[in-house]
Every structure is written in structure tokens, then in C-alpha cells.
Amino acid sequence: MRNFKLLNDNQSSVYLTYLQSLYKKRINFYGIQRSDLNRFSWSENKKVCIYGIKIYIDFATSTDKSATLVFATENDTCENKLLFYDAFNITKNPRFIDVSPGKDMLNWLINNNFINKNITNKIIEPSLHVLFGPFGYLPTTPFAPIDLIDTWIKTWVDKEYKSSLDIERNTTQVNNFPLKQKHYFIDRYHFEDMLKEIDNDQFTDEINQCLFAYENEKWFLCASGLGSCLEHLMYIILSNYNKRGYKTLKAFPKDPTARDYINRFTKDPINIDSRQARAINLFFMARNTVDHYNSGKTQRIFCDLLLDGISDVYNDYFGKSKSIPNI
């Protein structure tokens with residue numbers, strides 16, 4: 001990362017351990033259940049990069065006019081990292097002092113090309129904070145006041161906790177399983193059993209909407225939706241492996257294509273062969289073949305093929321992703 005210095009001495013390691021202990025302590029304060037820990041960015045075995053940027057604060061009343069803009073980003077490696085950038089002299093100018101504390105300060109540095117803009121895609125927004133004090137190491141030293149660090153971590157967790165409550169209040173409204181041809185779907189695909197086993201409200205809602213479109217002969221809508229469902233199912237499978245310690249989501253694109261999913265399935269620990277890869281690719285081709293200006297038997301065949309594809313991917317790959325031992 002341009003201008004950032006990686007701090008990798010023993011003190012930085014101790015400091016990161018201390019910060020994460022504060023983070024976990026705050027999670028414990030809320031009594032978060034293990035099943036909900038995935039909503040928190042630094043929980044369990046997740047790793048982050050902690051960035052500290054020394055900036056100039058014109059309105060500070062003390063003789064020390066410095067503060068530290070801190071934030072965390074997602075990190076796909078096996079360790080936490082600590083990085084520092086001394087931007088004090090850069091920010092000591094009339095244009096910066098009028099910028100609002102927090103996100104606007106970071107945007108100013110990015111817009112003026114002092115920080116690579118690619119970092120914005122990885123920032124854990126609740127972690128963004130201004131510490132009105134220097135960026136130090138151990139909490140026992142005067143360079144990192146305990147109360148400032150503690151407030152920062154509490155604010156970070158509190159924001160994520162509030163966000164998790166919002167998710168619970170606005171949970172996906174799952175559409176009912178279609179009734180008109182229910183036995184057709186049950187007898188051929190056993191989708192109800194599949195949805196119970198996957199246990200993902202968003203995926204359940206997506207499938208049921210597609211089956212509703214199928215019942216009403218909306219072939220283009222059905223095929224388009226089923227293609228997305230197939231991608232979602234493949235992501236769930238990759239995510240299951242990732243939770244067990246496999247690097248199935250490492251460097252995975254933010255907006256993956258069908259090719260990205262198939263390529264990732266060819267690697268460890270799934271390792272599909274070329275024949276299986278062609279079969280999955282055929283399902284995606286069916287999604288792209290349906291012409292929404294026409295309707296009828298031909299389009300239904302493509303939808304049936306996609307339904308077969310989802311059923312096949314579930315039967316062949318989902319079970320192992322849930323049962324494979326952790327590494």
C-alpha cells in the first residue's frame with residue numbers, strides 16, 4: 001500500500017493481540033451467540049489489517065496538534081497486520097482543516113492521491129475513527145492512552161452490533177413454496193429438503209420466487225433467477241469450506257462471474273474435473289440462451305435444465321462442504 005509502512009516488530013504483534021482482546025471483550029459484553037459471530041468483522045479466526053494515519057488537527061487545544069485516523073480492512077492472509085502512514089505535514093494545510101472528521105478525512109487523502117483508492121472496497125466502515133492522540137503500541141505507554149483505544153474498539157463493535165439488530169428486524173421475507181405444482185417439484189427435485197438443509201433465508205426466497213415464475217410460465221424471469229440461484233449455491237458451498245479453514249474465498253472477486261465460480265470449483269478441496277466443469281458451464285449457458293421475446297416449450301426446457309443443475313450441484317457438492325473436517 002502506497003505510503004504505508006508495515007509495522008511487524010514484536011511490539012506491534014502484542015498491540016494487535018491487545019486490540020483484538022478488547023474487540024472480543026466487547027462482543028462478550030453483548031452476549032453474542034456463536035451462530036451470530038459471522039456478523040462481526042474481527043470475530044473467531046478472521047484477520048484484519050489495522051491502519052493508522054497521523055494527521056494534523058487545527059482545532060486541537062493542546063500543543064500537540066496531531067491525531068490518528070484509524071480503520072481496519074478485511075485481510076485474507078493468516079495473520080493480523082498493523083500499518084502506519086505519517087501524513088501530518090501533508091494534512092497541515094488550509095484545504096484539509098475544513099474537512100469533517102472521519103470518513104471525509106480519508107476521502108480527502110484518497111482524492112488527492114495520497115492513498116490508493118482501491119483500499120475503499122475493503123474498509124470495515126464501523127472501524128473508522130479519529131483518535132485524538134498519537135498512534136502508539138502498548139496500552140501501558142503514554143503513546144496509546146487506554147481510554148482512547150478502548151473507546152475506539154467499543155464504538156467499532158457497537159456499530160456492528162447495531163447493524164446486526166437492523167438485519168434481524170429486516171430479515172428476508174421468504175415467499176412460500178409454490179402450491180400449484182408442488183408435487184412436481186418435490187417428486188423430481190426434493191427442493192423442500194434441500195432448502196431445509198441449506199438453511200439460508202435469502203437462498204430459500206430466491207428459489208421460491210423462481211419456482212413461482214416457473215408455475216406462471218415466465219421463462220425468462222425463471223431462467224435468469226435460477227442462474228443467480230446456481231451462483232448463490234456455489235458461493236454457499238465455497239463459504240462452507242472457507243469456514244472450515246480452506247482458502248476457497250481467498251482473492252475471490254467482489255463481482256464473480258460463472259467462470260470464476262467454475263474455476264474455483266476446479267481447485268482444492270473440491271477439485272471437479274473437466275467433464276464436471278463442462279456440465280456446470282452448460283447450466284449457465286442455458287440461463288443465457290433463454291430469449292425473453294419468446295415463450296413456450298423450448299424456454300421451459302432451459303429452465304428444467306437449470307433446475308436439474310441446481311439439484312445436481314447440491315447433491316454432488318453441498319453435503320461434503322458441511323461435513324468435511326476443519327483444518
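Note that the structure is a prediction, hence the values are computed from the model and not measured.
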| task | Give the C-alpha distance, both sets of side-chain angles, the deciding distance and a yes or no for salt bridge (charged side-chain N to carboxylate O under 4.0 Å, His left out) between E125 and K159. | result | CA-CA 9 Å; E125 192 162 336; K159 288 180 178 178; over 6 Å; no
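- The number of heavy atoms from other shown groups lying within 6.0 Å of CG (N111) is above 12.
- Judged by distance alone, with hydrogens and angles left aside, the side-chain atoms of D205 form no donor-acceptor pair with the main-chain N or O of D201 at under 3.5 Å.
- How far CZ of F302 is from CG of L307: 13.5 Å, rounded to the nearest 0.5 Å.
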| task | Quick one: do K46 and E160 satisfy salt bridge (charged side-chain N to carboxylate O under 4.0 Å, His left out)? Show the steps, please. | result | CA-CA 15 Å; K46 297 174 186 173; E160 291 184 329; over 6 Å; no
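- Within the 4.5 Å cutoff, side-chain heavy atoms of I270 are placed close to those of I237.
- The main-chain N or O of D308 is never found under 3.5 Å from a side-chain atom of S311 such that the two would form a donor-acceptor pair.
- Counting heavy atoms from C-beta outward, Y51 and I123 have side chains that stay 4.5 Å or more apart.
- Exactly one of D304, L226, L306 qualifies for a side chain to side chain contact (heavy atoms under 4.5 Å, CB included) with Y214. That residue is D304.
- For the pair I310/I207, a side-chain contact is recorded, criterion being any heavy-atom separation below 4.5 Å from C-beta on.
- Summarising the local packing, NZ of K103 is surrounded by 12 or fewer heavy atoms from other residues, nucleotides or ligands at distances under 6.0 Å.
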| task | Step by step, work out the side chain to side chain contact (heavy atoms under 4.5 Å, CB included) result for I272 and Y317. | result | CA-CA 10 Å; I272 62 174; Y317 309 112; 3.5 Å; yes
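- With a 4.5 Å cut-off on side-chain heavy atoms, F71 and I119 count as touching.
- Within the structure, every pair that satisfies the side-chain hydrogen bond (donor to acceptor under 3.5 Å, both in side chains) test and touches residues 237-251, not counting sequence neighbours, is listed here: N240-S321.
- Relative to the ring axis of F88, K54 places its NZ or CZ within 45° and under 6.0 Å from the centre.
- Remark: E231 pairs with R287 by the side chain to side chain donor-acceptor pair (under 3.5 Å) rule, at least two apart or across chains.
- The closest side-chain heavy-atom distance from M105 to I53 is not below 4.5 Å.
- Between the CD1 atom in I110 and the CG atom in N116 there is a gap of 8.5 Å [rounded to 0.5 Å].
- Going from atom CD1 of I236 over to atom CD of Q202 covers 8.0 Å, rounded to the nearest 0.5 Å.
- Note on D158 versus K162: no salt bridge recorded, every NZ/NE/NH1/NH2 to OD/OE distance being 4.0 Å or above.
- Judged purely by atom type and a 3.5 angstrom limit, S41 has no side-chain atom pairing as donor or acceptor with the backbone of I124.
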| field | Audit row: I55, I90, side chain to side chain contact (heavy atoms under 4.5 Å, CB included) steps and yes/no | value | CA-CA 8 Å; I55 56 175; I90 291 169; over 6 Å; no
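- Surrounding CZ of F318 are more than 12 heavy atoms belonging to other residues, nucleotides or ligands, all under 6.0 Å away.
- S127 contributes no side-chain N or O that, together with a main-chain N or O of W156, makes up a donor-acceptor pair within less than 3.5 Å.
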| task | Apply the test side chain to side chain contact (heavy atoms under 4.5 Å, CB included) to residues V313 and Y261: give CA-CA distance (whole Å), side-chain angles for both, the deciding distance (0.1 Å), then the verdict. | result | CA-CA 12 Å; V313 169; Y261 283 106; over 6 Å; no
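- How far CG of N281 is from OG of S274: 12.0 Å, rounded to the nearest 0.5 Å.
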| task | Using the side chain to side chain donor-acceptor pair (under 3.5 Å) rule, take D9 and S12 through it: C-alpha gap first, then chi angles, then the decisive distance, then the call. | result | CA-CA 6 Å; D9 56 14; S12 63; 3.2 Å; yes
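- Other residues, nucleotides and ligands contribute over 12 non-hydrogen atoms within 6.0 Å of the NZ atom of K47.
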| field | Worked verdict on F4 versus F114 for ring-ring contact (aromatic ring centres under 6.0 Å, His included) | value | CA-CA 10 Å; F4 281 97; F114 295 117; over 10 Å; no
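- With hydrogens and angles ignored, the 3.5 Å screen pairs a side-chain donor or acceptor of N93 with a backbone N or O of F96.
- In terms of modelled atom types and a separation under 3.5 Å, the side chain of N112 and the main chain of W108 share a donor-acceptor contact.
- Without hydrogens or angle criteria, D273 side chain to R275 main chain gives a donor-acceptor distance under 3.5 Å.
- With contacts defined as side-chain heavy-atom distances shorter than 4.5 Å, the pair L22/V157 does not qualify.
- With rounding to the nearest 0.5 Å, the separation of OG1 in T151 from NE2 in H129 is 6.5 Å.
- Contact of the N80 side chain with the L19 side chain is not registered, since no non-hydrogen atoms from C-beta on lie closer than 4.5 Å.
- Counting only heavy atoms from C-beta outward, the side chains of T120 and L106 never approach each other to under 4.5 Å.
- Interatomic distance, CZ of F252 versus CG of D260, reported as 5.5 Å (0.5 Å rounding).
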